[in-house]
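These notes are about the structure you will find just below.
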Amino acid sequence: MTKEANADTPALSGGNPQIARGYGDAPVQAYIGAMPGWKRAIGAQMDAIITQAVPGVVKAVKWNTPFYGLEKDVWFTGFHCFDKYIKISFFRGTALDPVPPGKSKQAEVRYYDIYEGQFDEAQFADWVKQASQLPGVRA
């Protein structure tokens, strides 16, 4: 996505791109292309890691958030932009080893927050592989 297209994409508070709901790779790529600053490159890396680690992964954007799963509307991870970081949600995160550090009010959900210059690609890939083998969450 070009810088001009990125500039035309409205952002919600916190800098999260406002992307229309949709299924497939195109809306996810639109979201990634609209991610602000350094987050865009990390978003592209995360998408590439997920796509490589999980052949046949299903993608969608819902609630201005990219989701990834093994079947439509059943997801194992998703992410969201905030002003200073990207928040990755692992919907069955308590079953991952090691458990991602960010706790949630939802019993099984765990978060991994990525700040500029602090993306651990190897750990992320490992979590994605583990998460994709667990039952997904319907949303």
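With sequence neighbours excluded, the residues satisfying ring pair (Phe, Tyr, Trp, His ring centres under 6.0 Å) with Tyr115 are Tyr85. Partners of Lys62 according to the salt bridge (charged side-chain N to carboxylate O under 4.0 Å, His left out) rule, which considers only residues two or more places apart in sequence or in another chain, are Asp73. In this structure Phe90 satisfies the ring pair (Phe, Tyr, Trp, His ring centres under 6.0 Å) test together with Trp127, sequence neighbours excluded. For Glu116, the salt bridge (charged side-chain N to carboxylate O under 4.0 Å, His left out) test picks out no residue, with sequence neighbours left out. A search for ring pair (Phe, Tyr, Trp, His ring centres under 6.0 Å) contacts involving Phe79 returns Tyr31, not counting sequence neighbours. Among residues two or more places apart in sequence or in another chain, the salt bridge (charged side-chain N to carboxylate O under 4.0 Å, His left out) test is passed with Asp120 by none. Taking the ring pair (Phe, Tyr, Trp, His ring centres under 6.0 Å) definition, one finds that Trp75 meets it with Phe67, sequence neighbours left out. Under the rule for a side chain to side chain donor-acceptor pair (under 3.5 Å), the partners of Lys87 that lie at least two apart in sequence or sit in another chain are Asp113. Considering only residues two or more places apart in sequence or on other chains, Val99 meets the side-chain contact (heavy atoms from CB on, under 4.5 Å) condition with Arg110.
Evaluation of the salt bridge (Lys or Arg N to Asp or Glu O under 4.0 Å) test over residues 92-101, restricted to residues two or more places apart or in two chains, returns Arg92-Glu108. Residue pairs meeting the side-chain hydrogen bond (donor to acceptor under 3.5 Å, both in side chains) criterion with at least one member in residues 130-139, sequence neighbours excluded: Asp126-Gln130. For residues 24-37, the set of pairs meeting the salt bridge (Lys or Arg N to Asp or Glu O under 4.0 Å) definition, not counting sequence neighbours, comprises Asp25-Lys59.
Between the side chain of Asn16 and the backbone N or O of Asn64, at least one donor-acceptor pair lies under 3.5 Å.
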